[in-house]
Amino acid sequence: MRIVGVAFAKGEYEGRPYHKVRFHCVGEFDKEDNTAGQSVEMYSLNYDDCGNIFEYVGGNIDSLIGLNIEPMYNKYGKVSKVLVQE
């Protein structure tokens with residue numbers, strides 16, 4: 001998946017603080033019938049789980065655009081981190 005946008009959300013919900021990062025990505029569909037164009041996905045992660053990708057771009061958020069990433073899922077099916085694909 002290729003990053004085309006990044007959004008940050010920080011605040012408090014029901015008395016609990018949150019700090020999220022949303023990666024907006026495009027990629028190819030799996031080889032399915034009745035598909036055309038590109039797939040669009042949004043991955044939301046806790047900011048603290050994104051350290052590796054921010055280190056990769058030296059903290060320059062604009063440098064995230066165009067990177068290819070692979071989402072990694074936890075046992076509950078939620079994205080727990082993203083890996084940069086070279």
Side-chain angles (χ1 to χ4, degrees):
M1 301 297 291
R2 183 174 46 87
I3 297 174
V4 295
V6 180
F8 296 88
K10 187 175 184 178
E12 192 172 297
Y13 180 73
E14 295 182 353
R16 298 177 62 192
Y18 67 86
H19 193 182
K20 297 278 190 179
V21 181
R22 290 188 306 267
F23 296 99
H24 298 265
C25 303
V26 295
E28 300 300 320
F29 283 108
D30 292 332
K31 303 290 184 200
E32 299 176 18
D33 292 334
N34 302 318
T35 60
Q38 293 183 310
S39 170
V40 178
E41 301 284 339
M42 194 261 314
Y43 303 106
S44 181
L45 287 94
N46 288 321
Y47 181 85
D48 292 339
D49 295 331
C50 298
N52 65 330
I53 196 166
F54 294 133
E55 289 173 12
Y56 183 85
V57 297
N60 182 356
I61 304 306
D62 290 333
S63 296
L64 292 169
I65 306 304
L67 283 182
N68 289 310
I69 61 168
E70 179 181 353
M72 305 303 291
Y73 297 89
N74 64 18
K75 64 182 179 180
Y76 304 108
K78 286 188 69 174
V79 176
S80 59
K81 65 179 176 177
V82 291
L83 300 177
V84 176
Q85 295 179 320
E86 299 286 334

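Residue numbers start at 1 and run along the sequence shown.
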Following the transitive rule for hydrophobic clusters with a side-chain heavy-atom cut-off under 4.5 Å over Ile, Leu, Val, Met, Phe, Trp and Tyr, establish whether [X] and [Y] coincide in one cluster.
| X | Y | result |
| --- | --- | --- |
| I69 | L83 | no |
| V4 | V6 | no |
| M42 | V26 | no |
| V82 | I61 | yes |
| I53 | Y73 | yes |

- Task: Output, in order, the C-alpha distance, side-chain angles, deciding distance and verdict of side chain to side chain contact (heavy atoms under 4.5 Å, CB included) for K20 and K10.
- Result: CA-CA 6 Å; K20 297 278 190 179; K10 187 175 184 178; over 6 Å; no

Specify the closest pair of heavy atoms between [X] and [Y], including all atoms of both residues, with the distance to one decimal.
| X | Y | answer |
| --- | --- | --- |
| C50 | L45 | SG-CB, 3.8 Å |
| G66 | R2 | O-CG, 3.6 Å |
| C25 | M1 | CB-CB, 3.8 Å |
| L64 | I3 | O-CB, 3.5 Å |

- When you measure from the side chain of T35 to the backbone N and O of F29, does any donor-acceptor pair fall under 3.5 Å?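 Side chain of T35 to backbone of F29, a donor-acceptor pair under 3.5 Å: no, none is there.
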
- Counting only N and O atoms by type, is there a donor-acceptor contact under 3.5 Å from the side chain of N46 to the main-chain atoms of D48?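 No.
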
- Item | Distance in Å, E41 CD paired with Y43 OH, rounded so as to fall on 0.5 Å steps |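 Reported value, rounded in 0.5 Å steps: 4.5 Å.
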
- Item | Test side chain to side chain contact (heavy atoms under 4.5 Å, CB included) applied to E55 - qualifying residues, sequence neighbours left out |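 If we apply the side chain to side chain contact (heavy atoms under 4.5 Å, CB included) test to E55, skipping adjacent residues, there are no hits.
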
- Determine whether more than 12 heavy atoms belonging to other residues, nucleotides or ligands lie under 6.0 Å from atom CZ of F8.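 For F8, atom CZ is crowded (more than 12 foreign heavy atoms under 6.0 Å).
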
- Task: Begin from the C-alpha positions of F54 and N60 and carry the test side chain to side chain contact (heavy atoms under 4.5 Å, CB included) through to its verdict.
- Result: CA-CA 7 Å; F54 294 133; N60 182 356; over 6 Å; no

- Item | Polar contact flag, side-chain donor to acceptor under 3.5 angstrom, N52-K81 |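 Note: N52 and K81 side chains miss the donor-acceptor criterion.
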
- Message: Do F23 and V79 have side chains that approach each other closer than 4.5 Å (heavy atoms only, starting at C-beta)?
- Response: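 Heavy-atom side-chain distance check fails, nothing below 4.5 Å.
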
- Task: Check side chain to side chain donor-acceptor pair (under 3.5 Å) between N74 and all other residues, then give those that pass, not counting sequence neighbours.
- Result: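 By the side chain to side chain donor-acceptor pair (under 3.5 Å) rule, N74 matches no residue at all.
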
- Item | Which residues share a ring pair (Phe, Tyr, Trp, His ring centres under 6.0 Å) with H19, sequence neighbours left out |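 Once residues adjacent in sequence are excluded, the partners of H19 under the ring pair (Phe, Tyr, Trp, His ring centres under 6.0 Å) criterion are Y47.
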
